[in-house]
Amino acid sequence: MRQRVYSILQKHIEHPVVLEKPKERSFGHYATPIAFSLAKVLRRNPMQIAEEIAQKLREEEMFEKADALKGYVNIKLSRNFLNDYAVWALKNEDEFAKGDFSESILLEFVSANPTGPLHIGHARGAVWGDVLARIGRRLGYRIEREYYVNDAGNQIYLLGLSVYLAARESVLNLEAEWPEEYYRGEYIADLAEKAVDALGAEKFMDEAFIPEISEWAKDRMLELINDNLHEVGIYFDHYVSEKALYEKWDEVFTRLADTGAVYEKEGKWWLRSTEHGDEKDRVVVREDGRPTYLAGDIVYHYLKFERGYDRYINIWGADHHGYIARVKAAIAFFGHDPQKLEIILSQMVSLLKGGEPYKMSKRAGNFILMHDIVGEIGADALRFIFLTKKSDTHLEFDVEDLKREDNSNPIYYINYAHARVFSLFEKAGKSQESVFDASMDALGEEAYDMLFTALLLPEVLEDAFESRQLQKVTEYLKHLAGMYHKFYYDNRVIGTPDEEALLKLSAMVALSLRVGLKMLGIEAAKRM
RNA sequence: GACCCCGUAGCUCAGCCGGAUAGAGCGUCGGAUUCCUAAUCCGAAGGCCGCGCGUUCGAAUCGCGCCGGGGUCACCA
């Protein structure tokens, strides 16, 4: 809708137009302050300019009204237009809110180390990435989801060591000398038990077997992580192993050396990342010849760009923000455009339970497990809460609030509105299809206002995706559900002369709620 | 010290590519049910938009400087 209004305005005004929401809906559906900026250029009174523009717009069929008010031009869409659009949407649910974007995007998210189950912080990035992908795909973007598996390095060894020691101590009753750093938590004990069964007790007699145990444990952890993700409906298209990337390291390193991107100092190899805006150069190869973690990321991003996507999006924990500059620097050294890589940061999550800080269980290794929270509030509520705020701001929420069954729980509130529509159709004994062509001419302003709001979904999704502000979708759904609840309270539907028209309107609202929720990975309730 | 995020109603937060009277939910107080789900709705109270300066017709929004809170500053991943 917005697009069409925009192009009509553009036709009449040879100037970039800003299109916005009017302060009050009674003013119209769209508004533009264009007269103010034109006034400057033309050195004329904005009120007059606004009036002239409004006059031209009045001739457009798509508009019912175009008024100049205090310099603003307010536009109201015609009922015919709204009705036609709604009928089309109702008959083409799968097409509604689709876009014609076609950029290919590689979206990397979660990428948690396979050394333990996912915790609540991971969950935020996971949900965020998943929903970004869902919306993007609806809009036409070709998005693939990728998980970068950090299966190399010290933390994997530590995982194996932890399992090795736990097995010795608790399963085999042998002595175990615990180092300062190791993984703890119930899952390690579980792993230890299973490891003895799977690998045989003899593997726990000699530290030389730890790498083998590590490898085995890492695979189990990846399974566990995937179970955690599947529980909330998140699936990946690709998994990329860090370990496998190091096979390409020599080749990539040679390339870097050839372009002068790295230099040797103090026996180590450094990336000249300061040349591309980093605050200092970074070590990529240690004195003993082992590449650093950054080396893996360099290879990874080198290969990513070789794969030829139009855009790359990474969702990282906010604690990685210092990492952005060096990775982008590496990309620049390969002659690629670092702008094609976009990093979305996912900030910390704090949990409350009944107003008190959520107790971290020792059992879980002093983390709040995603699995536990899903068990407590369900996948839908978990998804929803993460989507009510920008990803790069701290989020605090109380799990008790999300367990309540009233309007303090937004997911409940929205589902209830959706279910009410289905209940109406059931009570009326009619199918939704049977009212699609009913006339809505007799309906009043409020009804058309709600119809318009329901039809905003496509532009809400587009705006949310483009600005990477997914909370716009949850805000919208809450708003639309609220409108419907009020409408439902104010209007008797069944048995009135306008029954079919009101049912049709309800069906349209339900459609937007349903498609909107679907974009969030939530299935709308038809009955409650 | 540097960098990132945040500071808006008692609480949790929207609004922030400058625009019309600053919003929502919770909480508090008051009200609505002979009728399709009261799992809902309506109303009230509650605001130096952290502070200051600047930019301009216009600043919660942009810039600079403070103050306060959180995070990060690895040759760990």
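Side-chain atoms are counted along with the backbone in the values below, which use heavy atoms only and exclude waters and symmetry mates. By convention in this document, chain letters (A, B, ...) are assigned in the order of the sequence lines, proteins followed by strands, and residues within each chain are numbered from 1.
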Quick one: [X] [atom1] to [N] [atom2], roughly how many Å, whole number?
{"X": "A:Lys403", "N": "B:A39", "atom1": "NZ", "atom2": "P", "result": "21 Å"}
{"X": "A:Asp278", "N": "B:C73", "atom1": "CG", "atom2": "P", "result": "14 Å"}
{"X": "A:Lys472", "N": "B:C13", "atom1": "NZ", "atom2": "P", "result": "19 Å"}
{"X": "A:Arg326", "N": "B:C3", "atom1": "CZ", "atom2": "C1'", "result": "12 Å"}
{"X": "A:Phe487", "N": "B:U37", "atom1": "CZ", "atom2": "C1'", "result": "15 Å"}
{"X": "A:Asn150", "N": "B:C76", "atom1": "CG", "atom2": "P", "result": "14 Å"}
{"X": "A:Lys390", "N": "B:G70", "atom1": "NZ", "atom2": "P", "result": "20 Å"}
{"X": "A:Leu470", "N": "B:A14", "atom1": "CG", "atom2": "C1'", "result": "14 Å"}

For this session: Among A:Glu342, A:Lys304, A:His320, find the residue that satisfies the side chain to side chain donor-acceptor pair (under 3.5 Å) test when tested with A:Asn314.
Result: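 So, applying the side chain to side chain donor-acceptor pair (under 3.5 Å) to A:Asn314 and each of A:Glu342, A:Lys304, A:His320, only A:Lys304 qualifies.
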Exercise. Of A:Ala31 and A:Leu424, whose closest RNA chain B nucleotide lies nearer the 5' terminus?
Worked result: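 Result: A:Ala31.
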For this session: By nearest nucleotide on RNA chain B, pick out whichever of A:Asn113 and A:Leu69 is the more 5' one.
Result: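 Its nucleotide being nearer the 5' end, the pick is A:Leu69.
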Exercise. Does any donor atom in the side chain of A:Tyr300 or A:Glu146 lie under 3.5 Å from an acceptor atom in the other side chain?
Worked result: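 Yes - a donor-acceptor pair under 3.5 Å links their side chains.
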For the residue pair [X] and [Y], would you count it as a cation-pi contact if the rule is NZ or CZ under 6.0 angstrom from the ring centre and within 45 degrees of the ring axis?
{"X": "A:Arg272", "Y": "A:Trp270", "value": "no"}
{"X": "A:Arg184", "Y": "A:Tyr182", "value": "yes"}
{"X": "A:Arg383", "Y": "A:Phe386", "value": "no"}

Problem set entry | Test of ring centre spacing under 6.0 Å for A:Tyr416 and A:Tyr413 |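 So the answer is no for these two rings.
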For this session: Check whether the ring centres of A:Tyr148 and A:Tyr239 lie less than 6.0 Å apart, and answer yes or no.
Result: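 Between A:Tyr148 and A:Tyr239, the centre distance exceeds or equals 6.0 Å.
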Exercise. Is there a donor-acceptor pair under 3.5 Å between the side chain of A:Arg326 and the backbone N or O of A:Ser273?
Worked result: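 Side chain of A:Arg326 to backbone of A:Ser273: no pair is present.
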I'd like a table of atom pairs between the protein and nucleotides 25-28 of chain B - only N or O on both sides, under 3.5 Å - with the distance next to each one.
| from | atom 1 | to | atom 2 | distance (Å) |
| --- | --- | --- | --- | --- |
| B:C26 | OP1 | A:Asn407 | OD1 | 2.4 |
| B:C26 | OP1 | A:Asn407 | ND2 | 3.3 |

Between [N] and [M], how far is it from one [atom1] atom to the other, in whole Å?
{"N": "B:G7", "M": "B:C66", "atom1": "C1'", "answer": "14 Å"}
{"N": "B:A60", "M": "B:A39", "atom1": "P", "answer": "42 Å"}
{"N": "B:G15", "M": "B:A77", "atom1": "P", "answer": "38 Å"}
{"N": "B:G10", "M": "B:U21", "atom1": "P", "answer": "23 Å"}

For this session: Please state whether the base of B:A77 and the side chain of A:Asp319 form at least one donor-acceptor pair under 3.5 Å?
Result: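 Counting by modelled atom types and ignoring angles, no donor-acceptor contact under 3.5 Å is found here.
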Side-chain N or O of [X] closer than 4.0 Å to phosphate OP1/OP2 of [N]:
{"X": "A:Lys389", "N": "B:C13", "result": "yes"}
{"X": "A:Gln469", "N": "B:G15", "result": "yes"}
{"X": "A:Ser423", "N": "B:U37", "result": "yes"}
{"X": "A:Tyr488", "N": "B:U37", "result": "yes"}

Problem set entry | Residue matched to B:C62 through Watson-Crick or wobble contacts both under 3.5 angstrom |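 With both distances under 3.5 Å, B:C62 matches B:G54.
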